[in-house]
There are 2 protein chains.
Amino acid sequence: MAKAAAKRTLKWQRDPEGMRLRILEAAKQEFSTHGLAGARVDRIAAKAGANKRMLYYHVGNKDELYLAVLEGAYDKIRSEERGLDLEHLDPPEAIRRLIEFTWTYFLRNPEFLSLLQTENLARAKHLKKSTKVKSMHSPFVEMIRTVVRRGVESGDFQVAVDPVQLYISIAALSFFYLSNSATLSVIFGRDLLDQKAKDERLAHMSGLVLAALTGRSAELFEIAKTPRARTAVVQTV
Amino acid sequence: MAKAAAKRTLKWQRDPEGMRLRILEAAKQEFSTHGLAGARVDRIAAKAGANKRMLYYHVGNKDELYLAVLEGAYDKIRSEERGLDLEHLDPPEAIRRLIEFTWTYFLRNPEFLSLLQTENLARAKHLKKSTKVKSMHSPFVEMIRTVVRRGVESGDFQVAVDPVQLYISIAALSFFYLSNSATLSVIFGRDLLDQKAKDERLAHMSGLVLAALTGRSAELFEIAKTPRARTAVVQTV
DNA sequence: GGAGAAATTAACCCGTTGGATAAATACTGT
DNA sequence: ACAGTATTTATCCAACGGGTTAATTTCTCC
């Protein structure tokens, strides 16, 4: 009772872990919407429901805060990637799944795209200092390597492409479309992010890559064009 | 004589057009290396060999300066695009040329990539206000449309892909590789910008797109892999 | 129940930065 | 040659923004 009465008059309560998480979440929003230089430390504090001093207490200065956010972003995508486990699918299906995963992940996590853009504008200055990120290899490169080998052996694929090139290409097709959708929409005078446009984009990307690998352009693009049960996988955003 | 003597003691001379160009060039450098928020008006002035007041006198405030730079960048690429004239080439060769042009243009004009990244981080806020840019359509979309039609009719291409999708994909393959080369290089632990890597990238992109269109994966990737006379077109940067 | 550590608040500091003002200098037409 | 205008320089300033200092409050453990 006395304790309850005392609690009532508390001006604030402690929550170091929660505070740290709220700070990082707020910082992620701020850095992804405003970039590194455009981000405001005060806004992050406000958004986290905290005092500015807290950022320095729990994470560090603006740069350290930014790096922590970046590392968290890489950590998250790598974690989801590991959970995908595409090794047992037959080669074309594995590639198709990879494309869909990449696409939907970028759709679900637009801040990830912005953060990467920001970091690349800084020529990866911060990432180079992060030992953590450097050790977080994407499992997809090795996955692609074995899938391509299996595909070539089985006759599904006509070429043994370099897995790194293929990985970059698959990421590129989704990344550029989404990260540059604002300027592209202005230039083409149409909304690239409405549901129809997004469905068509996924179909196009799958068709393009699989046609190149298998050499069966016609069928693949046609298959990709017709609505399939798989479209359920395409997440709305 | 008297005039010459007078000129010698001049503290400065007028050059409005030259000044404006130097300001825009300096601003392009500044905005592309530091982004919009990170750019410093004083640095632009210093780089242009001018007084800060000159920026406001000749162009306008920071935002107007930025938009002028952006419009100039679009103007430049559209102008080079128009000069390319791919209509008369046979379809596969036209696509190959387009890919090479896109790639080398991005290599030669890294500021263009940075400016687009910056503008997309701002969700095209400034571009939307530019009536100038909206009217500068890339000639490539129409070019691709006719090339694809011709290719399908001649039997070179197996599918009639949407020209906008294809245009975006071709841009994406080059853009992402270059704009994200900093982070990708860190993550893959290898330099994506050395000459060998760049040659391989161009070969991969051409092989991927043409294989998808023609359905002749094997030959195309192989052709692309072997050094050709065409590699002379690949510019070093 | 209270002392010491941990977490949080409030207030302030000071260099930077975009932008403005006013004065000086160069050019142009007559 | 000179009046009027266009261009450039030299200062100034108010707001902002990252970071710091010091005091305050809550928690924990004995």
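We use all heavy atoms of the structure for the numbers below, so side chains are in, but hydrogens, waters and symmetry mates are not.
- Taking a 4.0 Å limit (strictly below) on heavy-atom distances, residues 30-45 of chain B reaches DNA chain C at B:Ala39, B:Arg40, B:Val41, B:Asp42.
- In this entry the distance linking CD of A:Glu64 with P of D:dG18 reads 15 Å, nearest Å.
- In this structure, A:Asp194 contributes its side chain and A:Ala197 its backbone to a donor-acceptor pair below 3.5 Å.
- We find that OH of B:Tyr56 is positioned 5 Å from C1' of C:dG19, with the value rounded to whole Å.
- Phosphate proximity of C:dA6 to A:His58: absent, as no side-chain N or O sits under 4.0 Å from OP1 or OP2.
- What separates OH of B:Tyr57 from P of D:dT9 is a distance of 12 Å, to the nearest Å.
- Of the N and O atoms on the side chains of A:Arg201 and B:Ser169, at least one donor lies less than 3.5 Å from an acceptor on the other residue.
- When the side chain to side chain contact (heavy atoms under 4.5 Å, CB included) test is applied to A:Gln29, the partners found at least two apart in sequence or on another chain are A:Glu25, A:Lys47, A:Glu111.
- Separating the CE atom of A:Met19 from the P atom of D:dC27 is a distance of 13 Å, rounded to the nearest angstrom.
- Distance CZ (A:Arg53) to C1' (C:dT8): 9 Å, rounded to an integer number of Å.
- Regarding B:Lys52, its NZ atom lies at a distance of 14 Å from the P atom of D:dC13, rounded to whole Å.
- DNA chain D is contacted by both B:Asn51 and A:Asn61; B:Asn51 maps to the nucleotide lying nearer its 5′ end (nearest heavy atom per residue).
- Computed from coordinates, the A:Arg20 CZ to C:dA6 P distance equals 17 Å when rounded to whole Å.
- Taking atom CE of B:Met54 as the reference point, atom C1' of C:dA23 lies 13 Å away to the nearest angstrom.
- A salt bridge does not link A:Lys129 with A:Glu64: none of the charged nitrogens is closer than 4.0 Å to a carboxylate oxygen.
- Between A:Arg97 and A:Glu100 there is no salt bridge, since none of the side-chain N atoms of the basic residue sits less than 4.0 Å from a carboxylate O of the acidic one.
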Item to check | Full working for ring-ring contact (aromatic ring centres under 6.0 Å, His included) between B:Phe176 and A:Phe176 | outcome: CA-CA 6 Å; B:Phe176 176 79; A:Phe176 176 79; 9.2 Å; no

